[in-house]
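Reading through the structure tokens given below for one structure.
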Amino acid sequence: MVSEPAVAETVDTGRDFIRDIIQADLAAKKYQEIVTRFPPEPNGYLHIGHAKSIALNFGVAQEFSGRCNLRFDDTNPIKEEQEYIDSIQADVRWLGFDWGKNLFYASDYFDRLYEWAEGLIRAGLAYVDDQSQEEIRANRGTLTEPGKNSPFRDRSVEENLDLFRRMKAGEFPNGARVLRAKIDMASPNINLRDPVMYRILHATHPRTGDTWKIYPSYDYAHGQSDAIEGITHSICTLEFEDHRPLYDWFIEKLPVPSQPHQYEFARLNLTYTLLSKRVLTQLVREGHVSGWDDPRMPTIAGLKRRGVPPAAVREFVRRIGVAKSNSVVDVGMLEFCIREELNRTALRRMAVLRPLKVVIENYPEGQVEELEAVNHPDDPSKGTRRIAFGRELYIERDDFMENPPKKFFRLSPGSEVRLRYAYFIKCREAIKDASGEVVELRCTYDPETRGGNAPDGRKVKATLHWLPAAQSLPAELRIYNQLFAKPNPEAANFAADINPQSLEILRDARIEPAIATANSDEAMQFERQGYFVRDKDSTPERLVFNRTIGLRDTFAKEVGGKG
RNA sequence: UGGGGCGUCGCCAAGUGGUAAGGCAGUGGAUUUUGAUUCCACCAUGCGGAGGUUCGAAUCCUCCCGCCCCAGCCA
């Protein structure tokens with residue numbers, strides 16, 4: 001459970017319109033306990049948009065001392081799978097929320113739903129329609145024209161009951177008939193034009209197997225499931241606003257045990273990101289990414305593998321708020337939250353992404369000494385570690401320039417810089433290969449500057465990270481960039497907007513031993529570079545790390561350099 | 001041209017008749033053994049537009065404009 005702020009917020013005034021409503025309901029003594037639910041359909045993995053809904057539903061329940069159920073909306077066996085049921089639970093838990101014993105499935109209620117449907121038939125409020133799918137569509141009318149009544153709309157209760165029971169018994173093929181609510185084919189709200197309550201589906205359900213041949217539609221199942229569970233505030237996204245009259249219609253006509261109410265908020269959209277299940281499913285199925293947990297995916301599983309801490313996701317959805325206007329949040333906001341959390345918690349380590357060999361000419365051959373480095377500059381409780389220093393080192397290729405511009409204050413011929421926790425060094429010569437590429441630096445160090453400070457008080461303009469050549473380990477580093485190249489990629493033609501540079505693999509990186517021995521799935525900061533986390537592909541023989549996110553880099557921004 | 005929503009700074013978002021919170025981004029500056037972090041400062045005479053009511057309007061009224069959702073036996 002995410003706990004700390006919960007108590008305080010109970011007495012706090014609502015932070016959004018949903019909480020305002022709940023607070024008012026509580027003040028009016030409308031309910032003695034607030035009950036919400038998070039109702040995913042198990043037909044895909046959860047993504048960061050769901051995190052907003054999860055945090056809202058579970059958060060509200062927590063803040064008002066109520067409860068939040070996890071309920072799978074498993075009414076369409078054609079699309080749903082056990083794998084998704086499992087991943088969804090893992091992801092909600094990872095985010096830090098707990099449904100306790102309150103795990104339910106819409107399929108738990110199939111029997112009751114069926115009985116209530118017969119009740120509606122008896123009351124003359126539902127009928128079996130023999131029209132084909134095409135006929136139903138044609139007779140539904142359009143946005144501006146009313147629909148036409150089905151020729152089967154006025155069947156007798158007996159005939160309807162008989163047909164509906166035979167649908168249930170599996171006597172008819174898929175699509176042969178449906179059960180419809182008898183409301184109003186001329187309603188300006190298309191959802192009220194005799195919506196389908198049950199369709200025939202000869203399909204194996206992940207939980208009920210082959211016992212059912214008919215399945216309830218979302219509109220018929222959802223509200224009633226809410227009522228059965230005693231949900232007080234059924235929170236969903238804006239596109240269901242038009243369904244609310246239908247939601248209320250069923251609740252009013254059926255002998256349900258409680259009267260839940262539906263409230264709608266705007267779903268999350270993020271720049272450089274697509275959050276539609278259709279697109280995410282295709283990205284996976286068509287191999288654009290390695291799987292649902294590819295670190296470039298906006299899925300919870302992807303964020304986790306990427307090294308994003310759950311607290312950062314929670315903070316992000318807290319900051320963006322909950323409202324009703326469609327919006328596209330700058331992905332920079334998410335990145336800020338990730339850096340904020342990781343800066344606070346991540347252990348500091350050194351790694352060289354693109355190594356450039358350095359030989360300290362005046363350092364004794366064969367000598368090795370150990371230097372002390374802090375694990376977190378702002379948190380002494382995280383301790384220190386030792387790093388070996390010797391004659392041959394690696395520094396970052398980007399930290400050396402033979403002909404530097406004025407604003408470059410790293411290493412260049414003749415300049416002096418500090419090697420973090422070690423010594424000041426000066427570059428004497430850059431050695432190049434036949435093609436003119438710098439392959440090695442010949443440097444000298446100042447023994448007086450051990451630890452990084454000069455007794456004479458002289459300053460350097462840069463501190464570089466580095467690694468001893470012998471006492472560091474090779475590793476593969478995977479650098480991720482936005483999956484989509486455009487701020488607002490087109491869902492309809494997403495493949496065209498995929499960023500061809502979304503993954504860069506650095507196979508020759510070096511890392512300090514403490515990184516390899518870390519027994520943690522939490523991200524570490526590789527100083528001056530970014531946050532990295534061990535990937536599940538990593539083995540003792542082949543160490544693999546994912547870059548969660550780079551450090552803020554105002555220098556690169558200024559010179560328009562790399563990211 | 002039907003119905004349902006929404007329009008406040010580049011991006012989120014408070015505000016519900018008393019004279020525009022906050023965050024992200026951005027821009028200056030200070031500190032810094034991470035060009036990181038931290039700190040300080042700046043950043044809407046204006047709330048989609050036009051009228052109107054009022055001593056006073058982002059908030060109320062009228063008209064207009066723009067954007068999103070709905071015609072699945074998906075959710």
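No hydrogens, no waters, no symmetry mates; every other heavy atom, side chains included, goes into these values. Letters A, B, ... mirror the listed sequences (proteins, then strands); counts begin at 1.
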Whether A/R140 contacts B/C73 is assessed here as follows: a side-chain N or O lying under 4.0 Å from the phosphate OP1 or OP2. Is that the case? yes

Heavy atoms only, 4.0 Å cut-off, all strands: where does A/F409 land among base, sugar-phosphate and nothing? base

Whole-Å C1' distance, B/A75 and B/U53: 46 Å

Does a nitrogen or oxygen in the side chain of A/R199 sit under 4.0 Å from OP1 or OP2 of B/C74? yes

From B/C70, B/A36, B/A75, nucleotide with atom closest to A/T75 side chain: B/A75

May I ask you to check if A/R510 and A/Y394 form a cation-pi contact, with NZ or CZ under 6.0 angstrom from the six-membered ring centre and within 45° of the axis? no

Which nucleotide in the list B/C70, B/A75, B/U37 gets nearest to the side chain of A/L143? B/C70

At 4.0 Å (heavy atoms only), tell me whether A/Q133 reaches a base, stays on the sugar-phosphate, or touches nothing. base

Distance check, C1' atoms only: B/G18 and B/A58, in whole angstrom units. 13 Å

Taking only distance into account, with no hydrogens and no angle test, what donor-acceptor pairs under 3.5 Å do side-chain atoms of residues 36-51 of chain A form with protein atoms, sequence neighbours excluded?
{"unit_1": "A/T36", "atom_1": "OG1", "unit_2": "A/N57", "atom_2": "O", "d": "2.8"}
{"unit_1": "A/R37", "atom_1": "NH1", "unit_2": "A/H222", "atom_2": "NE2", "d": "2.6"}
{"unit_1": "A/R37", "atom_1": "NH1", "unit_2": "A/S234", "atom_2": "OG", "d": "3.0"}
{"unit_1": "A/R37", "atom_1": "NH2", "unit_2": "A/I235", "atom_2": "O", "d": "2.3"}
{"unit_1": "A/E41", "atom_1": "OE1", "unit_2": "A/N43", "atom_2": "ND2", "d": "2.8"}
{"unit_1": "A/N43", "atom_1": "OD1", "unit_2": "A/K277", "atom_2": "NZ", "d": "2.5"}
{"unit_1": "A/Y45", "atom_1": "OH", "unit_2": "A/E83", "atom_2": "OE2", "d": "2.8"}
{"unit_1": "A/H47", "atom_1": "ND1", "unit_2": "A/G49", "atom_2": "N", "d": "2.9"}
{"unit_1": "A/H47", "atom_1": "NE2", "unit_2": "A/L275", "atom_2": "O", "d": "3.3"}
{"unit_1": "A/H50", "atom_1": "ND1", "unit_2": "A/H47", "atom_2": "N", "d": "2.9"}

Please tell me which of the listed nucleotides, B/A25, B/U37, B/A75, lies nearest to the side chain of A/F336? B/A25

Looking at B/A75, B/G35, B/C73, which one has an atom nearest to any side-chain atom of A/V196? B/C73

What is the separation between atom CD on A/E239 and atom P on B/A71, rounded to the nearest whole Å? 11 Å

Closest to the A/R137 side chain, choosing from B/G35, B/A71, B/G5: B/A71

Is there a donor N/O on one and an acceptor N/O on the other, under 3.5 Å, for the side chain of A/R348 and the base of B/U34? yes

The side chain of A/R528 lies closest to which of these nucleotides: B/U34, B/C73, B/G2? B/U34

Side chain of A/E241 only, heavy atoms from C-beta on: which candidate in B/C73, B/G2, B/G4 is closest? B/G4

How does each nucleotide of nucleotides 9-14 of chain B score, in 5' to 3' order, for protein heavy atoms under 4.0 Å: base (B), sugar-phosphate only (S), or none (-)? --SSSS

A/Y531: which of A/Q525, A/E522, A/R547 passes side-chain hydrogen bond (donor to acceptor under 3.5 Å, both in side chains): A/Q525

For A/Y198, report the nucleic acid contact type (base, sugar-phosphate, nothing); a contact means any heavy atom under 4.0 Å. nothing

The nucleotide from B/C70, B/A75, B/C74 with an atom nearest the side chain of A/D242 is B/C70

Base, sugar-phosphate or nothing for A/I136? Non-hydrogen atoms, less than 4.0 Å. base

Should B/G28 be called syn or anti, with syn set as within 90° of 0? anti

Selection from B/G2, B/C74, B/U37 that lies nearest to any side-chain heavy atom of A/T144: B/G2

For A/N43, report the nucleic acid contact type (base, sugar-phosphate, nothing); a contact means any heavy atom under 4.0 Å. nothing

